[in-house]
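Beneath this line is the structure, given in structure tokens, with notes to follow.
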Amino acid sequence: MRESSASANGSFTSAMTLIEAGLTYVPKRYVLPPSLRPDGTLCNTCSPIVDLSNLQHPLVRSQIIQDVHLACKKFGFFQVINHGIPLSVMDGAIDAASEFFDLPTQDKRHLLSSNVRDPVRYGTSLNHVKDKVHFWRDFLKHYANPTSAWIDLWPSNPKCYKKKMVNYTMVAQKLQEELMEVIFESLGLNTNYLHEDIAEGSQVMAVNCYPTCPEPDLTLGLPPHTDYGMISIILQNHQGLQIMGRDEKWHSVPLIEGALAVLLGDHMEVLTNGIYKSVVHRATVDSEKKRISIVSLHSLALGKKVRPASALINEQNILSYKEGGFSDFLDFISGEDIMEAKYIDTLKINT
């Protein structure tokens, strides 16, 4: 049933399959309109860095909080270093992901799905059944918090996948909880604000593979978009992530060994009543390097709603957003094309 629903409107061909077949050009369905293509025009690389090594030191903590506030306000993005996750754990997750995407298609086909509510699903582009234009990406998405509830549904092939990925997802969840306390403190909120909801919240792992591309100037791995949740934590093995600055120009995010990228999502924009904005970003592709990115997407639990914090609403910052949740987002992407509509716009109050 899973495969037939995904393939109802056409056969499935992954981006990896195209490269393995020796394709020397980008098929027409991947070619973007000229206005959406990466034209190579970039501003300086963007990399506000937050060092968490002395977060518990009272004399240093206030400066870290200020650094986070400035990064969230100016960019909606920062990179964290000295976050406590061993490099070996991060490398293990990248290796497990790479091994999964290197498997023959028939060994992954049982996970194929176009149903955005499936807790584990493999696919290509955004949704290969619906996409008008395809993107140069294969993906595996699976729920992760708590891991005990979901790990049995994760891929058993390659054999190392569950062990290496669970080692990373669990520490990414803990890092998210720590980062949320820091972000809340940067807003003047109590660090325990929504503490239980965040600890018990949704964690979706979006494991992405961007194969080498024969004509990278004609396509993208992912189009410009914002993430739906509170924050996204991105682990990557090669450069390719770009963010749109407040100057409405694209900035490349440099690869820093051991660092993790942290992006603010739509639900953070709602919670802060627009004080912090979600960051528009995209993924480019490369003619020589296959890129793996593992995105840990964090929001409140499926049935819970995020609303603006009452402490952040006043005469200078009037209520500007409606409540929304993970389930609402899934409903949105089931019926909308993210190339044509933005989820965050559905949460804004017209004033």
Side-chain angles (χ1 to χ4, degrees), residues 9-10 12-16 18-19 26-43 46 75-77 114 116 121-141 204 206-229 232 234 236 238-253 261 263-266 269 277-287 290-295 297 329-330 332-347:
N9 296 323
F12 173 83
T13 303
S14 69
M16 282 290 288
L18 296 176
I19 290 303
V26 170
K28 186 177 179 180
R29 66 182 180 275
Y30 291 93
V31 177
L32 292 170
S35 62
L36 297 178
R37 296 175 193 171
D39 61 5
T41 303
L42 288 173
C43 292
C46 175
F75 299 105
F77 152 84
S114 61
V116 298
R121 64 189 183 99
Y122 163 63
T124 192
S125 188
L126 295 172
N127 186 326
H128 79 277
V129 171
K130 293 171 53 180
D131 293 345
K132 297 173 184 175
V133 176
H134 285 236
F135 295 92
W136 203 261
R137 172 188 81 143
D138 295 340
F139 66 85
L140 172 68
K141 293 185 178 182
V204 177
V207 186
N208 301 307
C209 175
Y210 304 98
T212 55
C213 179
E215 296 178 293
D217 294 337
L218 297 181
T219 190
L220 285 168
L222 278 176
H225 67 286
T226 57
D227 291 342
Y228 65 87
S232 301
I234 301 181
Q236 55 184 338
H238 292 298
Q239 192 165 307
L241 174 64
Q242 295 180 353
I243 69 163
M244 180 168 281
R246 303 303 185 221
D247 56 4
E248 297 190 349
K249 295 180 180 178
W250 289 107
H251 300 257
S252 183
V253 175
L263 280 63
L264 302 189
D266 294 338
E269 183 170 332
K277 298 290 199 301
S278 55
V279 61
V280 177
H281 56 288
R282 68 183 184 182
T284 58
V285 290
D286 190 271
S287 61
K290 178 181 77 172
R291 176 172 172 258
I292 299 290
S293 77
I294 301 174
V295 186
L297 295 145
F329 170 74
L330 294 177
F332 173 81
I333 60 171
S334 295
E336 297 286 349
D337 182 346
I338 72 163
M339 295 285 288
E340 299 174 357
K342 297 178 181 178
Y343 171 60
I344 189 64
D345 289 343
T346 68
L347 301 175

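Using a distance-only test at 3.5 Å, with no hydrogens or angles considered, no donor-acceptor pair links the side chain of Arg137 to the main chain of Leu222. A distance-only check finds no donor-acceptor pair linking the side chain of Trp136 to the backbone of Ala15 [under 3.5 Å]. In this structure, Asp227 contributes its side chain and Gly229 its backbone to no donor-acceptor pair below 3.5 Å. At distances below 3.5 Å, at least one donor-acceptor pair connects side-chain atoms of Thr284 with backbone N or O atoms of Gly240.
Here the NZ-OH distance, from Lys290 to Tyr210, works out to 13.5 Å after rounding to the nearest 0.5 Å. One distance of note links CG of Asp286 with CZ of Arg291; it measures 10.5 Å at 0.5 Å rounding. Separating the NZ atom in Lys141 from the CG atom in Leu297 is a distance of 7.5 Å, to the nearest 0.5 Å. Considering CG of Asn208 and CD of Gln236, their distance stands at 10.5 Å, rounded to 0.5 Å.
For His225, the ring pair (Phe, Tyr, Trp, His ring centres under 6.0 Å) test picks out His281, with sequence neighbours left out. For Thr124, the side chain to side chain donor-acceptor pair (under 3.5 Å) partners at least two apart in sequence or on another chain are Asp138. Applying the salt bridge (charged side-chain N to carboxylate O under 4.0 Å, His left out) test to Lys132 and every residue at least two apart in sequence or in another chain returns Glu340.
Residues Ser278 and Arg246 share a closest heavy-atom pair of O-NH1, 4.0 Å.
Counting heavy atoms from C-beta outward, Pro224 and Met244 have side chains that stay 4.5 Å or more apart. The closest side-chain heavy-atom distance from Arg29 to Ser125 is not below 4.5 Å. Using a 4.5 Å heavy-atom cutoff, the side chains of Ile19 and Pro214 are in contact. Pro223 places none of its side-chain heavy atoms less than 4.5 Å from the side chain of Leu36. With a 4.5 Å cut-off on side-chain heavy atoms, Phe135 and Leu32 count as touching. Using a 4.5 Å heavy-atom threshold, the side chains of Val253 and Phe77 count as touching.
Aromatic rings of Phe332 and Tyr343 (six-membered ring for Trp) have centroids within the 6.0 Å cut-off, being under it.
For Lys277, the NZ atom counts as densely surrounded, since its 6.0 Å shell holds more than 12 non-hydrogen atoms of other residues, nucleotides or ligands.
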Using side-chain contact (heavy atoms from CB on, under 4.5 Å), reason through Ser293 and Leu241 one step at a time and then give a plain yes or no. CA-CA 9 Å; Ser293 77; Leu241 174 64; over 6 Å; no
Residues Arg282, Trp250; criterion side-chain contact (heavy atoms from CB on, under 4.5 Å); working and verdict: CA-CA 9 Å; Arg282 68 183 184 182; Trp250 289 107; 3.3 Å; yes
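For the side-chain contact (heavy atoms from CB on, under 4.5 Å) criterion with Tyr30, the lone passing option out of Leu220, Leu18, Val285, Val133 is Leu18.
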